[in-house]
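No hydrogens, no waters, no symmetry mates; every other heavy atom, side chains included, goes into these values. Below, chain A is the first sequence line, B the second, and so on; all start at residue 1.
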2 protein chains.
Amino acid sequence: MLDERKRRVLQAVIDDYIASAEPVGSRALARKHDLGVSPATIRNEMADLEMLGYLEHIHTSSGRVPSAKGYRFYVDGLIPPKPVSDEEKVLIDRWYQARVKRIDEVFQETARLISKMTRNVSLVLAPQVSQAAFRCLQFLPLDDHRVITVLMTDAGFVENKILEMPDGAEFEDFQRMARVINRVLAGKTIRSISESSLQMIEDEIQDSGLYASALEVIQRALDASKKERLYLGGTTMMLEQPEFHDVEKVKNLLLVLEEEELVKDILHAHTGRGLEVTIGRENENSSIQDCSIITATYHLDGELLGTLAVLGPTRMEYSKAMSLLEYMNTNISEVIRKYHWKV
Amino acid sequence: MLDERKRRVLQAVIDDYIASAEPVGSRALARKHDLGVSPATIRNEMADLEMLGYLEHIHTSSGRVPSAKGYRFYVDGLIPPKPVSDEEKVLIDRWYQARVKRIDEVFQETARLISKMTRNVSLVLAPQVSQAAFRCLQFLPLDDHRVITVLMTDAGFVENKILEMPDGAEFEDFQRMARVINRVLAGKTIRSISESSLQMIEDEIQDSGLYASALEVIQRALDASKKERLYLGGTTMMLEQPEFHDVEKVKNLLLVLEEEELVKDILHAHTGRGLEVTIGRENENSSIQDCSIITATYHLDGELLGTLAVLGPTRMEYSKAMSLLEYMNTNISEVIRKYHWKV
DNA sequence: TGTTAGCACTCAATGTAACCGAGTGCTAAT
DNA sequence: ATTAGCACTCGGTTACATTGAGTGCTAACA
């Protein structure tokens, strides 16, 4: 374990580097933070820290830069508390109370706020619709051979999908089907709609001669609702970070972010209860190994609903991002509770 | 008017510059395009073209670059036809025929295809929902004091919005209202729902004591449907263009593109029937004055529905982008016709 | 008279050398 | 154990010469 002074030096180095994005040297360090020792001593300490793997050296005679291990130690223990400021809280709260919104706006704006305040990319994974309670399914005629299926849930999600009517089917049939479906599924969580529920529907519908297509229709409507939605924010902001002054890097990162499934996988890797920080190489995905991700999962009644995350260069303001995520987390949980989300 | 040879030289210069992004000189020009004259002659012609304002010179002794006027002349007359290749057509057609989709997916994918094939940013402005025919409005209870309003149109658009119930209102009241509304508005274009229609509804509802909130509720549901939707594609692609190797430029452009209203205004400036090309300084908006926009409007029964556009550096492949837009335009018109869009 | 070869000239880009300065590592003094 | 001092490193900057693609002009040419 590092002694007190080493820890202070390490913290000073990292704080400095996060603020300046430049390798930090002993003299500058002694000047800014008063550690009560001379640059020479700091040099010795830094050499030790490098031996131990917490700092890195590009070459002799350029300042030190934190290593992944250094950031890890920093995040796990040294990190200075940097609570969300009151003005920021006001800003956020005002927004959340502003007015009743469609639930997807809530997620979109949450992403926007997070990225605006951390100046990094933010990611918000919204709960699967399938975790909400089924409210009703309606069919509406679109034209002679197509119907619109509208699925509604407690949380205010409305999912719609165009279905082709099987040959010979009449819209009347769909309406009858809707009545059956709604009766059987009323109040159920979408996810919990199991084989047995579908079986019941099947049984009821069978006499009407619609059996063949009925299950498929429901299945497709439900499938559409299983998709988790991903909201991105601040892809522009990241251009302000010095590490993204290189267009190649920007392009790589943007390409990753465009792959929705890939991003979801990355987020799904973090399902722990509290905040999780993944630093540089710790990331599975090699194209973001010079980035860090902070994730926060939100829950209701102990059930995992979704994830908030900040993605930035390893040199990111961990403290700020972490406290902000924590704060937004409580906010979004609150909103979801208000919307009567059922699990 | 330029004589034949000048036109050929101008075209060669622009073609070359579009392909290479480098100022083009007389020697190289003579080598690649065989114009049948020596570099010296080409130099003379280029000097003339510069006099006339079609070409520009950063300084003595670097090749020529087309001026806005040069591009304009090129676009208006010289442009080599570069039809969409058969493979590309196959690719596009296959996609369009793939399966029945939600209409918003059609627009989103159209944007993606355009940007993918032009390697530039694409913009797709979808028709206002209000240009579609009203199909039905439904209220669904969300909780004690809120209802979900679902508005459906012929074209398969489903718009939903959460409304707060006025104090003392019962969900029953909303259902009665819905019946009235649906009867009165059936078959009307949403845009054409005028004061008189609303008046009729008002009259019918009045006795029920709901008058005060009824109009407002409908109005808000309709308002939500007035919004045109904008779909963007290929913001990543543009990073491949050499003019965007500078992060500052990228940032500026991305900032503009983030301002949805601004972008819509830019597109609204072009309502002409065919393709319109706006080159560099011709753009009103100063932050895109080193870009060109090509717009194509699509129509149904003579009525303007929406816009497809490509946004790229002034040095863009006009010919390709133009023919592609034209092709996509017929495609999307076709799709819309199939979807029974009513104006 | 229009075209072309030749040539002097220009200027961005590239390469090279010198220098500066922030920073280190080591040693010796405190 | 700490620190002052000093030699050394190396990226970054500046200055300067070189290169090469390109022009403009003039004179020769068809």
Side-chain angles (χ1 to χ4, degrees), chain A residues 2-10 12-17 19-67 70 242-243 245-246 315, chain B residues 2-10 12-17 19-67 70 242-243 245-246 315:
Chain A
L2 302 180
D3 65 41
E4 171 63 17
R5 195 171 66 190
K6 279 195 178 47
R7 298 215 316 259
R8 289 187 57 195
V9 171
L10 180 55
V13 170
I14 299 185
D15 282 343
D16 239 51
Y17 184 64
S20 71
E22 310 259 297
V24 356
S26 55
R27 190 151 30 236
L29 210 61
R31 232 181 294 122
K32 271 179 274 187
H33 313 249
D34 57 359
L35 299 163
V37 290
S38 75
T41 309
I42 295 179
R43 274 204 291 286
N44 290 330
E45 294 289 34
M46 294 208 293
D48 290 354
L49 285 167
E50 186 169 353
M51 279 295 164
L52 295 166
Y54 294 99
L55 293 179
E56 278 170 7
H57 228 190
I58 308 303
H59 58 270
T60 352
S61 98
S62 100
R64 255 71 174 209
V65 162
S67 68
E243 20 275 286
H245 275 15
D246 173 22
R315 180 199 66 79
Chain B
L2 302 180
D3 64 39
E4 171 63 17
R5 195 170 66 189
K6 279 197 178 43
R7 298 215 314 261
R8 287 188 58 196
V9 171
L10 180 55
V13 170
I14 299 186
D15 282 343
D16 239 51
Y17 185 64
S20 71
E22 310 260 297
V24 357
S26 55
R27 190 152 29 235
L29 210 61
R31 233 181 293 124
K32 271 178 275 188
H33 313 248
D34 57 358
L35 298 162
V37 290
S38 75
T41 308
I42 295 179
R43 273 205 290 286
N44 290 331
E45 294 290 35
M46 294 209 291
D48 289 354
L49 285 167
E50 184 169 355
M51 279 294 163
L52 295 167
Y54 295 99
L55 293 179
E56 277 170 8
H57 228 187
I58 308 301
H59 59 271
T60 350
S61 100
S62 102
R64 255 74 173 206
V65 162
S67 68
E243 20 277 286
H245 273 15
D246 173 22
R315 179 198 67 78

Please report, rounded to the nearest Å, how far the [atom2] atom of [N] is from the [atom1] atom of [X].
X: B:E45; N: D:dG22; atom1: CD; atom2: P; value: 18 Å
X: B:H59; N: D:dA21; atom1: NE2; atom2: C1'; value: 10 Å
X: B:I58; N: D:dG22; atom1: CD1; atom2: P; value: 14 Å
X: B:L29; N: C:dT4; atom1: CG; atom2: C1'; value: 16 Å
X: A:L49; N: C:dG23; atom1: CG; atom2: P; value: 17 Å
X: B:R31; N: D:dA21; atom1: CZ; atom2: P; value: 8 Å
X: A:D16; N: C:dG23; atom1: CG; atom2: P; value: 10 Å
X: B:H57; N: C:dC11; atom1: NE2; atom2: C1'; value: 11 Å

After noting the C-alpha distance and the side-chain angles of A:R315 and A:V65, does the key distance pass the side-chain contact (heavy atoms from CB on, under 4.5 Å) rule? CA-CA 10 Å; A:R315 180 199 66 79; A:V65 162; over 6 Å; no

Would one find a side-chain N or O of [X] under 4.0 angstrom from OP1 or OP2 of [N]?
X: A:R64; N: C:dT24; result: yes
X: A:S26; N: C:dT24; result: yes
X: A:T60; N: D:dC10; result: yes

Shortest non-hydrogen contact from B:R64 to B:V13? O-CG1, 4.4 Å

Can you tell me which nucleotide in [options] comes closest to the side chain of [X]?
X: B:N44; options: C:dC11, D:dG24, C:dT4; value: C:dT4
X: B:A40; options: C:dT4, D:dG24, C:dG25; value: C:dT4
X: A:S38; options: D:dT3, D:dT2, D:dT9; value: D:dT3
X: B:R27; options: D:dG22, C:dT24, C:dT3; value: D:dG22
X: A:A28; options: C:dG23, C:dT24, C:dT3; value: C:dG23
X: A:T41; options: D:dT2, D:dT23, D:dC10; value: D:dT2

Is any N or O donor-acceptor pair between the side chain of A:S61 and the base of C:dT24 shorter than 3.5 Å? no

Can you check whether any acceptor in the base of C:dG6 is under 3.5 Å from a donor in the side chain of B:R43, or vice versa? yes

Walk me through it: do A:E45 and A:L35 pass the test side-chain contact (heavy atoms from CB on, under 4.5 Å)? CA-CA 12 Å; A:E45 294 289 34; A:L35 299 163; over 6 Å; no

Reading DNA chain C from 5' onward, which residue's closest nucleotide shows up sooner: B:S62 or B:G36? B:G36

Looking at A:R7, I want to see if its CZ is surrounded by more than 12 non-hydrogen atoms of other residues, nucleotides or ligands under 6.0 Å. yes

Is there a donor-acceptor pair under 3.5 Å between the side chain of A:S67 and the backbone N or O of A:G53? yes

